[in-house]
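Along the sequence shown, residues carry numbers from 1.
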Amino acid sequence: LEQKVDSKLPEQEKAQIKSELTTLLKDQKELLKRGSESYTNLIRALNTLDFTHKRLVETSNQYRNFIDEHLLWIPSTEPASSATLRDLVVALSWITSGENWRKTGKMLIQELSTSPWLTGFFVILFAGLLAIAPALRASVDRVSDRLHSPYSDRFLYTLQALALSLLVAAPLPVLFAFTGERLGIAEDQFEFAKSVSSGLSRIAVPLFLLHIFLQLCKADGIAVSHLHWNARRVAILHKNIFWFMFLVIPLLFVATVTKTSTDSIYYSSLGRLSLVAIGIAQSVFAYFVLNPKRGIPKDLLKRHPDGWLMMLRHIWYPLIFMWPLAISAISLIGYQYTAVRFMNLFMQTFWLVLGAVILHDLIVRWLTISNRKLALQMAREQREAEKSAEQTKTSGDAMPEVTEPPKAEFSELSEQTRDLLRILFWIAAGVGIFIIWSDVIPAFNVLEDITLWQTHFLAGGEQTLHAVTLADLVKAVL
């Protein structure tokens, strides 16, 4: 730095500049030292923060695991009693109050008037779907008529029929979803209207899914005509889904309305009664649909009399249709949160299995049609070869060798594909069921703490006492 100073400057100025540079360099050195110390302190603070964060994560995971294991087994309300009946009267008067519904209707009209263009579009859409519903049903029937001939059958017809069925099932769910959404964003914070909004939004999707499946299971509908389901099984499904939908959807609406209200007595009385009724409906549905003698499994059990389904029918059948009743019972004794959680998991599992079956059969149909096209093409080529051979024979030339189409190999490939698809979908369904129930699996660890009895056994020449827990009993049953 001294060398950069102009040599022509007087010595006094050079000395002054040198003194100032020395002072600046000392200040810089001090600042660098302080910066280094600050960085060191910061690194130490970050290490401490990282350690604290890890401890916090570990503690939160411990609390989360503790909650997951015990939350389902903590009563969320008082057991049903005579007070519940008194609260039920109050809840019924609240939900059937004409004043509450009048205010809700007025609030809905005010909200709709604030968005006239959106309201007008929805009215046109809803009215249009209702108006064309008969034509859509007729179109589904006409599409099914094209499937009788293998030459005119197309997988596109199945997709077309599915799309038409979705439109047939859409009007009411769309109405409920739109109305619930409009009530939910209204400026007026009327409690009853907000509860109705939650109830309408809650039932829109289940109603849509049930209505779609009801359309699929009509006589000569998609399930029979396209997917080739057994007509007797489809009739059983259609009959039971019909009453199940009209019973459970209103009950689900009532349960949701009472749950979202600020007064807990509505949910603990009327809401609990609705949940119990839903559980009973689920049990009756499973009883009729899965009955080994008269339900859907009847034909399968007859074809495989020595299969595990037939041998264990006295175990899996009672377990399935008694499960919703057990859930209803625990709701009555105060475990209402647990009952709702298990009911939701039960229905999610039902829709997963049903969706997997439908998707599997759609893929099987697509492969079947593709294989059929290949077979028809091979048959045409064979006929053309035979005609060519006949023409050659009549002209006096030697007949060329005609190669037969590999029918056996073609059929074997198709059967292998079916088996592979069936295995893949069973694996996918199992993974899906595990994902659905994974959140409540830790709750069953509590069963390890419930000892039923103790037994002695020899291990390494020494007698050891082993406790048999409730978890062991559940594993043995499963």
Subject >> Contact check, side chains of Leu88 and Thr84, non-hydrogen atoms, under 4.5 Å >> reply: no
Original post:
Is a donor on one side and an acceptor on the other found under 3.5 Å between the side chain of Trp323 and the backbone of Ser283?
Top reply: no
Original post:
To the nearest 0.5 Å, what is the distance between CZ (Arg272) and OG (Ser76)?
Top reply: 8.0 Å
**OP:** Could you tell me whether the side chain of Ser197 and the main chain of Leu183 form a donor-acceptor pair under 3.5 Å?
**Re:** no
**OP:** Please examine the side chains of Arg154 and Ile369, heavy atoms only from C-beta on, and report whether any two atoms are closer than 4.5 Å.
**Re:** no
**OP:** Supply the atom-to-atom distance Ile296 CD1 to Asn230 CG, rounded to the nearest 0.5 angstrom.
**Re:** 9.5 Å
Subject >> Point-to-point distance, once rounded to the nearest 0.5 Å, from CD1 of Ile327 to CD of Gln282 >> reply: 9.0 Å
Original post:
Within a radius of less than 6.0 Å around CZ of Phe122, do more than 12 heavy atoms belonging to other residues, nucleotides or ligands occur?
Top reply: yes
**OP:** Would you name the heavy atoms of Met310 and Pro305 that are closest together and state the gap between them?
**Re:** CG-O, 3.3 Å
Subject >> Leu46 side, atom CG; His53 side, atom NE2 - distance, nearest 0.5 Å >> reply: 13.0 Å
Subject >> Ile222 to Ser165 - nearest heavy-atom pair and separation >> reply: CD1-OG, 3.3 Å
Original post:
Counting only N and O atoms by type, is there a donor-acceptor contact under 3.5 Å from the side chain of Lys293 to the main-chain atoms of Lys298?
Top reply: no
Original post:
Between Arg182 and Ser115, does a side chain to side chain contact (heavy atoms under 4.5 Å, CB included) hold up when you go through it step by step?
Top reply: CA-CA 10 Å; Arg182 290 288 94 187; Ser115 305; 3.4 Å; yes
**OP:** Please report the C-alpha distance between Trp229 and Leu237 in whole Å, then the side-chain angles of each, then the deciding distance to 0.1 Å, and finally whether the side chain to side chain contact (heavy atoms under 4.5 Å, CB included) criterion is met.
**Re:** CA-CA 11 Å; Trp229 289 10; Leu237 283 172; 4.2 Å; yes
Subject >> N/O donor-acceptor pair under 3.5 Å between Arg55 side chain and Phe51 backbone >> reply: no
**OP:** Check whether any side-chain heavy atom of Leu200 sits under 4.5 Å from a side-chain heavy atom of Leu175, and report yes or no.
**Re:** no
Original post:
So which heavy atom on Met107 is nearest to which on Ala193, and how close?
Top reply: SD-CB, 3.4 Å
Original post:
So does Asp50 pair up with Lys54, basic N to acidic O under 4.0 Å?
Top reply: yes
Original post:
Would you call Ile241 and Phe285 a side-chain contact if the rule is heavy atoms closer than 4.5 Å?
Top reply: yes
Original post:
Which pair of heavy atoms, one from Trp94 and one from Glu191, lies closest together, and at what distance?
Top reply: CZ2-OE2, 4.4 Å
Original post:
How far apart are the C-alpha atoms of Ile363 and Phe425, what are their side-chain angles, what is the distance that settles it, and do they pass the side chain to side chain contact (heavy atoms under 4.5 Å, CB included) test?
Top reply: CA-CA 11 Å; Ile363 295 178; Phe425 272 90; 3.5 Å; yes
Original post:
Rounded to the nearest 0.5 Å, how far does CD1 of Ile278 lie from CZ of Phe244?
Top reply: 8.0 Å
Original post:
Between Tyr317 and Phe321, is the gap from one ring center to the other below 6.0 Å?
Top reply: yes
**OP:** Over all heavy atoms of both residues, which pair between Ala204 and Pro173 is shortest? Give the atoms and the distance, please.
**Re:** O-CB, 3.5 Å
Original post:
Within a strict 4.5 Å, meaning less than it, do heavy atoms of the Asn100 and Phe190 side chains meet?
Top reply: yes
Original post:
For residues Arg365 and Thr368, is any side-chain donor paired with an opposing acceptor at under 3.5 Å?
Top reply: no
Subject >> Smallest separation among heavy atoms of Thr256 and Arg202, with atom names >> reply: OG1-CG, 3.3 Å
Original post:
Does NZ in Lys259 sit with more than 12 non-hydrogen atoms of other residues, nucleotides or ligands closer than 6.0 Å?
Top reply: no
**OP:** Mind running side chain to side chain contact (heavy atoms under 4.5 Å, CB included) on Glu99 and Arg102 for me, showing each step along the way?
**Re:** CA-CA 5 Å; Glu99 182 65 18; Arg102 185 188 66 80; 2.6 Å; yes
Original post:
Parallel, tilted or perpendicular: which fits the ring planes of Phe242 and His238, with parallel below 30° and perpendicular above 60°?
Top reply: parallel
Original post:
Can you find a heavy atom in the side chain of Ile436 that is under 4.5 Å from one in the side chain of Trp351?
Top reply: no
Subject >> From CZ (Arg303) to CG (Leu301), nearest 0.5 Å >> reply: 9.5 Å
Original post:
Counting only heavy atoms not in Glu181, do more than 12 sit closer than 6.0 Å to its CD atom?
Top reply: yes
Subject >> Geometric class of the Trp101/Phe192 ring pair [parallel <30°, tilted 30-60°, perpendicular >60°] >> reply: perpendicular
**OP:** Answer yes or no: is there a donor N or O on one side and an acceptor on the other, between the side chain of Trp316 and the main chain of Leu309, under 3.5 Å?
**Re:** yes
Original post:
Is the shortest heavy-atom distance from the side chain of Trp437 to the side chain of Thr349 under 4.5 Å?
Top reply: yes
**OP:** Answer whether the closest heavy-atom distance between the side chains of His226 and Val143 falls below 4.5 Å.
**Re:** yes
Could you list the donor-acceptor pairs under 3.5 angstrom formed by side chains in residues 205-221, with sequence neighbours left out?
unit_1: His211; atom_1: NE2; unit_2: Gln215; atom_2: NE2; d: 3.3

Subject >> Salt-bridge present (Asp419, Arg422; N to O < 4.0 Å) >> reply: yes
Original post:
Are more than 12 heavy atoms from other residues, nucleotides or ligands located less than 6.0 Å from atom CH2 of Trp426?
Top reply: no
Original post:
If you draw a 6.0 Å radius around CZ in Phe121, do more than 12 non-hydrogen atoms from other residues or ligands fall strictly inside?
Top reply: no
**OP:** Measure from the side-chain N and O atoms of Ser201 to the backbone N and O of Ser198, and report whether any donor-acceptor pair falls under 3.5 Å.
**Re:** no
Original post:
Would you say the side-chain atoms of Thr179 pair up with the backbone N or O of Phe176, donor to acceptor, closer than 3.5 Å?
Top reply: no
